[in-house]
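Proteins get letters first, then strands, A, B, ... in listed order; numbering begins at 1 in each.
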Amino acid sequence: MRAFLAALALSVAAQVAHAADMPAGASSCSGCHAESAQAQSPVPPLAGRDPAKLVAAMRAFRSGERPATVMDRIAKGYSDEETAAIAAWFGAQARR
Amino acid sequence: MQRREFIGGASAALALSRTAIAQTAAKIVVVGGGFAGATAARFLRRANPSLDVTLVEPNASFVACPFSNEVLVGLRDLDAQRFGYDAVRADGVAVATQAATAIDASLRRVTLADGTVLPYDRLVLAPGIDIAWNALPGYDEAASQRMPHAWKAGEQTLLLRRQLEAMKDGGLVVISAPANPFRCPPGPYERASLIAWYLKTKKPRSKLIVLDAKDQFSKQRLFTAAWKDLYPGLLEWVPLSQGGKVNSVDPAANTLVTDFATHKADVANVIPPQRAGRIAEIAGVSDRTGWCPVDPVTFESRLQPNIHVIGDAAIMGAMPKSAFAANAQAKICAAAIATLLRGATPAEAKPINTCYSLVAPDYGISIAGVYRVVGGQLTDVEGAGGISPADAPPQTRALEATYAEAWFRTITGEVFL
């Protein structure tokens with residue numbers, strides 16, 4: 001019985017892992033970065049991208065090294081550590 | 001001793017299994033099918049596919065406000081603003097095409113116009129705004145047929161468009177802008193810009209006056225610089241400190257009255273004072289301001305447990321009333337509810353707002369903000385966010401106009417398609 005309940009609890013936990021593990025900030029990105037690679041947008045999707053490259057891009061936006069319209073202003077709101085967590089989360093998402 | 005332990009163990013197991021059952025069959029009702037509500041319904045199902053989610057929305061389709069200023073001046077059809085709920089249904093959300101008429105927060109149930117009663121474990125209210133009729137003396141629902149607000153997209157948008165089209169060259173358009181807070185802070189100024197563009201293009205002897213109940217507004221530096229460049233002599237903005245506040249309107253005469261003048265308009269667009277949608281008051285989640293204070297982590301009401309409020313109706317600090325913010329809040333709220341239902345504590349989110357405005361069809365500007373929780377409110381992260389550069393070249397303005405349209409396609413895709 002206990003094993004069954006533990007398994008049930010685990011399966012419930014597994015089901016909710018997707019959103020629950022979303023780090024601070026990540027939920028806002030899809031407002032502009034479409035989840036679907038088919039979306040008609042000049043803004044690139046983030047799912048499945050190399051986390052190291054996303055972190056580097058955010059750092060370049062923050063320093064002004066990489067030109068931007070709005071990402072420079074947004075990148076300044078996140079530390080390297082926060083960006084790494086967001087990038088790791090997107091890196092683990094399947095492209096839709 | 002042994003027996004007590006056994007009983008304790010049994011009841012603990014029973015409690016655990018009840019919790020597990022409650023988790024798998026938890027009922028969530030979402031009231032309001034706009035950017036906030038439709039997003040919340042879909043992301044609740046994604047967060048936990050076993051959740052029983054019902055979206056309550058009286059309209060069979062949604063008409064989006066962002067880009068409706070383009071509809072006003074003939075740059076876009078209203079149909080491009082209309083979205084149905086098929087994709088929401090396809091995610092396993094039950095859609096009740098009904099108005100919610102009553103909410104019992106203690107019994108946790110919602111009553112619909114047809115008498116259906118929906119029990120809930122958690123309720124998400126996303127009612128958007130209601131016009132505060134008569135808060136501006138003379139401006140009631142009947143007055144909006146003569147002096148459209150067009151602050152809820154749909155028939156009102158088309159009415160104002162027809163009035164602009166019917167106006168003679170040399171006419172006077174007057175916009176009345178409200179005090180804070182209200183839906184879409186840069187919206188009145190984008191509207192003024194695009195109407196000025198329309199007049200300059202089609203009826204160049206006409207004039208536009210913006211009567212404002214404020215001295216400061218969103219993206220002000222960028223708007224005023226662009227107005228000086230693009231619409232000199234055509235667009236006049238009258239701030240509060242120069243008598244811009246409209247004290248009353250008279251729909252029969254089409255006049256707007258300030259401390260110093262009575263403006264007789266050919267076309268009058270009254271953007272009136274607003275408050276949270278009526279169901280918020282019925283549920284007991286709005287306060288004296290007319291808005292709904294919420295926790296910035298879970299978006300749970302400060303006034304009623306188990307009821308969350310997201311989007312334009314909610315207040316939680318610096319995050320503005322925008323479609324982007326509504327969508328971001330909905331995703332955070334959905335994840336928080338899924339977390340709460342499995343007995344865990346939701347982590348603090350650090351949301352973003354991004355909002356584009358068009359000053360002309362190929363001239364876009366933006367404002368962005370990043371927010372964090374400080375003292376129970378969402379507060380601007382210092383050094384982040386802000387508006388487009390003042391000295392940007394035309395290519396940057398054109399790029400931001402392109403990004404504005406891309407944003408609309410992306411966000412409406414995520415919420416409705």
Side-chain angles (χ1 to χ4, degrees), chain A residues 1-36 38-46 58 61-62 64 67-79 81-83 85-86 89 93 96, chain B residues 13 16-17 19-20 23-24 43-44 46-50 323-325 327-332 334-335 338-339 341-342 344 346-354 356 364 366-372 380-381 383-388 392 396 399-400 402-403 406-407 409-411 413-414 417:
Chain A
M1 178 68 177
R2 199 173 293 168
F4 165 73
L5 287 175
L8 183 64
L10 269 178
S11 78
V12 169
Q15 279 173 358
V16 299
H18 165 92
D21 294 343
M22 192 186 282
S27 57
S28 294
C29 306
S30 61
C32 291
H33 295 267
E35 291 197 321
S36 163
Q38 273 79 51
Q40 291 183 309
S41 174
V43 182
L46 300 175
M58 286 289 273
F61 282 134
R62 204 180 300 133
T69 53
V70 73
M71 276 313 298
D72 50 347
R73 290 174 262 158
I74 290 169
K76 285 174 187 149
Y78 298 93
S79 66
E81 200 178 22
E82 288 169 331
T83 308
I86 294 169
W89 188 82
Q93 302 299 306
R96 289 158 69 99
Chain B
L16 181 55
S17 70
T19 309
Q23 277 166 356
T24 53
F43 276 77
L44 279 161
R46 268 205 234 176
N48 183 350
S50 65
F324 192 108
N327 169 259
Q329 291 168 10
K331 286 180 267 189
I332 294 164
T339 305
L341 287 171
R342 67 185 162 104
E348 283 184 9
K350 210 171 164 186
I352 299 168
N353 178 59
T354 303
Y356 292 96
S366 63
I367 186 165
V370 182
Y371 308 91
R372 66 191 177 100
D380 280 293
V381 173
I387 60 176
S388 309
T396 303
L399 197 55
E400 289 219 283
T402 307
Y403 285 157
W407 166 77
R409 284 195 301 272
T410 297
I411 199 159
E414 179 174 273
L417 304 176

Picking from B/Thr354, B/Asn327, B/Ile387, which has the most non-hydrogen pairs under 4.5 angstrom with chain A?
-> B/Ile387
Against chain A, label B/Leu417 side chain, backbone, both or neither, depending on which of its atoms sit under 4.5 Å from a heavy atom there.
-> neither
Can you tell if the side chain of B/Tyr403 reaches within under 4.5 Å of the side chain of A/Cys32, non-hydrogen atoms only?
-> no
Contact part of B/Glu414 toward chain A, heavy-atom cut-off under 4.5 Å: side chain, backbone, both or neither?
-> side chain
Locate the shortest heavy-atom distance separating A/Arg73 from B/Ser366; write the atom from each residue and the value.
-> NH2-OG, 2.7 Å
Is the closest basic N to carboxylate O distance between A/Glu35 and B/Lys331 below 4.0 Å?
-> no
With a 4.5 Å cut-off on heavy-atom pairs, point out which of B/Ala349, B/Ala406, B/Gly385 contacts chain A the most.
-> B/Gly385
Could you look at B/Ala347 and say if it's the side chain, the backbone, both or neither that has a heavy atom under 4.5 Å from chain A?
-> neither
About how many Å separate CD1 of B/Ile332 and OG of A/Ser28, when rounded to the nearest 0.5 Å?
-> 5.0 Å
For chain B, find which of A/Ala34, A/Gly25, A/Gly31 contributes the most heavy-atom pairs closer than 4.5 angstrom.
-> A/Gly31
Given a strict heavy-atom distance threshold of 4.5 Å, which part of B/Ile411 is in contact with chain A: side chain, backbone, both, or neither?
-> both
Find out whether A/Pro23 and B/Lys350 are in side-chain contact, i.e. whether some heavy atom of one side chain is under 4.5 Å from a heavy atom of the other.
-> no
Could you tell me the separation between the CD1 atom of B/Ile352 and the CD1 atom of A/Ile74, rounded to the nearest 0.5 Å?
-> 5.0 Å
Contact check, side chains of A/Val70 and B/Tyr356, non-hydrogen atoms, under 4.5 Å = yes
